[in-house]
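Read the structure below first, then the notes.
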2 protein chains.
Amino acid sequence: MRIGELSRRTGVSERALRYYEEQGLLRPERRPSGYRVYRDVDVAAVRRIRVLLTAGLSTAQIVEVLPCMVDDDDLLAPICPELVDELVKQRDRIGAAIDELAATRANLDTIIANERRAS
Amino acid sequence: MRIGELSRRTGVSERALRYYEEQGLLRPERRPSGYRVYRDVDVAAVRRIRVLLTAGLSTAQIVEVLPCMVDDDDLLAPICPELVDELVKQRDRIGAAIDELAATRANLDTIIANERRAS
DNA sequence: CTAAACCTTCACGTTAATGTCAGAGTCAAC
DNA sequence: GTTGACTCTGACATTAACGTGAAGGTTTAG
């Protein structure tokens, strides 16, 4: 498929897809005309890229993670623990924020409950 | 305290503190000279802001949830009954933020598990 | 009283991940 | 063999969350 169809199937803009290629996240074939040609697996790849980006990872980090993600047929690159560390740190940062917000919500619940009882 | 001390006590740059004020996250008093004057509770507020920012929330999102983040030692202040609806809405916004973060953390957990399995 | 340290408001610079637009080539259909 | 949809490569614009001075007031220690 060409870039327009991949864009429609993923909801990601053509500009973003070209940017992902520029960053080494995608490596589409080229027709003699220069047109990019993507494979079906690229649809899943783009979705994974989106998940990681919205999780707060940079394209540079994703470029290291992607080869480690298991559905690339047979290619499994060696893992650097340093990278796993980064992922764990990111997860923990998110966890801390969740805890903060949860505590706040609990306090808010108490206030709401007290207010209802008082009135 | 003035901006320099708050910066030292939080590890956040003065520029960032002024930016937070610009975004409505902090509202320090002003001396006649124009100098900003912060209270002790602002130290905790800045730490919360940092936690939420590094978790991927925007200043616009934080400005919505921050006013509801009451301090633990700070017992229930008297609240107008007419504001309960607003409090419930705020609590729901916090809940939505928690859900978003939980989803991205779950994605990260999956990726981390896959990487461990690959190695 | 004066120097050092601190603070103020502009205002332009930076990085990441795009948006947008221009000018030009390509492909499928009629 | 021309129309119209699609794609190409630049290249400048944008947003967020700051960094980095410039030029100039303020506060405090001696």
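Order of the sequence lines sets the chain letters (A, B, ...), proteins ahead of strands, with each chain counted from 1.
Judged as a side chain to side chain contact (heavy atoms under 4.5 Å, CB included), and not counting sequence neighbours, the contacts of Val37(B) are Glu29(B), Arg31(B). Every residue two or more places apart in sequence or in another chain that forms a side chain to side chain contact (heavy atoms under 4.5 Å, CB included) with Ser7(A) is listed here: Glu14(A), Leu17(A). With sequence neighbours excluded, no residue satisfies side-chain hydrogen bond (donor to acceptor under 3.5 Å, both in side chains) with Arg27(B). By the side chain to side chain contact (heavy atoms under 4.5 Å, CB included) test, Thr59(B) is found to be paired with Tyr19(B), Gln23(B), Leu25(B), Leu53(B), residues two or more places apart in sequence or in another chain being considered. In this view, Arg50(A) satisfies the salt bridge (Lys or Arg N to Asp or Glu O under 4.0 Å) rule with no residue, not counting sequence neighbours. For Arg105(B), the side chain to side chain contact (heavy atoms under 4.5 Å, CB included) partners at least two apart in sequence or on another chain are Arg91(A), Ile94(A), Ile98(A), Asp109(B).
Here the side chains of Leu26(A) and Arg18(A) are not in contact, with every heavy-atom distance at 4.5 Å or above.
Contacts with DNA chain D (heavy atom under 4.0 Å) in residues 9-28 of chain A: Glu14(A), Arg15(A), Arg18(A), listed by number.
Comparing Thr59(B) and Ser33(B) by the nucleotide of DNA chain D that holds the closest heavy atom to each, the one mapping nearer the 5' end is Thr59(B).
Along DNA chain D, read 5' to 3', the first and last nucleotides having any atom under 4.0 Å from a heavy atom of chain A are dC6(D) to dA11(D). Protein chain A contacts DNA chain C from dA16(C) to dC27(C), reading 5' to 3' and using non-hydrogen atoms of the protein with a distance under 4.0 Å.
Contacts classified as side chain to side chain donor-acceptor pair (under 3.5 Å) and involving residues 33-43 of chain B (residues at least two apart or in different chains) are given here: Glu21(B)-Arg36(B).
Closest of all the heavy-atom pairs between Val63(B) and Ala60(B) is CG1-O, 3.1 Å.
Ion pair Arg9(B)/Glu5(B) flagged as a salt bridge, since at least one NZ, NE, NH1 or NH2 atom sits closer than 4.0 Å to an Asp/Glu carboxylate oxygen.
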